[in-house]
Amino acid sequence: MVCRFSTRLLNICIASICKAQQLEKAEAIIIDGIRLGVLPDVVTYNTLIAAYCRFVGIDTAYSVLHRMREAGINPDVITYNSLIAAATRHCLLSRSLDLFEEMLQMGILPNVWSYNTLMHCFFKSGKPDEANMVFRDIFLSNLSPCPSTFNIMINGLCKNGYTNNALMLFRNLQRHGFVPQIVTYNILINGLCKSGRLGAARRILKELGESGHVPNAITYTTVMKCCFRSRQFEQGLEIFSEMKRKGYTFDAFAYCTVSGALVKTGRTEEANKCMEQMVTNGIELDIVSYNNLINLYCREGKLENAYKLLDEIEKRGLECDKYTHTILIDGLCKAGNFESAQQHLKYMNMMGFDSNLVASNCLIDALSKAGQIDCAMKVFHSMELKDSFTYSSLVHNLCKARRFHSASKLLLSCLRGGMKILKSAQRAVLAGLRSSGFTRQARKLQLKIRLAKILHF
DNA sequence: TTAGGGTTAG
């Protein structure tokens, strides 16, 4: 139904149709509108582009830009900010930069949101130095940073391992009159908890209470997770009860935090009850909840039930993510079904997931524990990306197989790559070399370990 | 239009 209305009404109509994800219908209405003499404007197309970014993909959204120009409407800073934000959501750094450049070439001046988004994209891509340069550019461009600018900065620093710098920035900003928002406190508490600085996190939590803000569901989930991480289980469960009393368990977050922690400690029955409670309370299962359930079934050895859930995910129109696949690969490994695990890993590669590091590590660990260390080495050589877990597991199991020279070589290549390795794995190599009469090699290796520590840490 | 909490491996 198209009406005789003004552009403003057309835009209201397009916004509501886009919200309902009926994008083709929205485009048809725009065309009908033109025929009836109701011309779309930049707001009409920006709404459509934002919806394509959110519900379809950046390429489709970008193609609307052409149609927009054909209709004689020039994009503005909001058009480009939407596209840059979409690229950032998918961690497409070069795409974000290209769009930023294109915007400049079109003579469109970026605003503080453009810089915020670009900064966030650099942080998400693990490039804090570049993000810092964008932060400086905001001031050089004579733009005023907004509270989100600082929140993105503090969050990015925390996520990239610079929690101390984040805390320093927070204090500096406070000295200059910055009033932290509840989001700022949550970001900092989460960063401090994850880096193991529980005392500092507690101080910030106390400050939050004194600031007049009320802790919200996110604050509670963050602190609860922190308790589980530091093995203060009963305290974590007390927070969960408090969340329920206060009505903060309106989504899947708290339930998944609790059930995840219960599964990790082998309390699968309680984890099951927790998820059942979630469903009874009318909370719909999302992909993370399904992942939790799949993990629960895998731990109980009920792989068939786990696979049944995959069908349910598909029926519900949800998409499996890298966690779903990793959990299943780990489940197959733990059940000793290496062939299926390897097949699933291949499938994961084929699907083009951004990372299969954890899944590969699961396979390496399980294979080498089962004595199939050469198979594990094959997987190792096929991996593009390796981390401290990959090396620790292999070095440890090579020692168990009394292959101390191979373990020593691998240990050194890990340290040369600037990666840490479990202390117990280091000790196993040194002890193994000594006990098999290679004391000189052990001494040399110890010296090299010390040198690597000085160079990298 | 941007920013915060949940799920994977020793």
Start and end of chain A contact along DNA chain B [non-hydrogen atoms, under 4.0 Å]: dT1(B) to dG10(B)
Check every strand shown and say whether [X] touches a base, only sugar-phosphate, or nothing at a heavy-atom separation below 4.0 Å.
{"X": "Ala217(A)", "value": "base"}
{"X": "Thr249(A)", "value": "nothing"}
{"X": "Cys362(A)", "value": "sugar-phosphate"}
{"X": "Thr79(A)", "value": "nothing"}
{"X": "Asn216(A)", "value": "base"}
{"X": "Ile182(A)", "value": "base"}
{"X": "Asp251(A)", "value": "base"}
{"X": "Ala85(A)", "value": "sugar-phosphate"}
{"X": "Lys124(A)", "value": "nothing"}
{"X": "Asp387(A)", "value": "base"}
{"X": "Asp330(A)", "value": "sugar-phosphate"}
{"X": "Ile327(A)", "value": "sugar-phosphate"}
{"X": "Thr222(A)", "value": "sugar-phosphate"}
{"X": "Asn295(A)", "value": "sugar-phosphate"}

Output all residues satisfying side-chain contact (heavy atoms from CB on, under 4.5 Å) with Thr117(A), sequence neighbours left out; order by chain, then residue number. Ile84(A), Ala85(A), Thr88(A)
Could you tell me if Thr221(A) and Tyr248(A) have a donor-acceptor pair between their side chains, going purely by distance under 3.5 Å? no
Could you tell me whether Lys386(A) sits above the aromatic face of Phe380(A), with NZ or CZ closer than 6.0 angstrom to the six-membered ring centre and within 45 degrees of the axis? yes
Reference residue Tyr115(A); test ring-ring contact (aromatic ring centres under 6.0 Å, His included); the match among Phe139(A), Phe135(A), Phe100(A): Phe100(A)
Step through the shown structure and confirm whether more than 12 heavy atoms of other residues, nucleotides or ligands are within 6.0 Å of CD on Glu314(A). no
Can the ring centroids of Phe170(A) and Phe150(A) be said to lie less than 6.0 angstrom from one another? no
Exactly one of Asn111(A), Asn151(A), Val134(A), Ile138(A) clears side-chain contact (heavy atoms from CB on, under 4.5 Å) with Asn116(A), and that residue is Ile138(A)
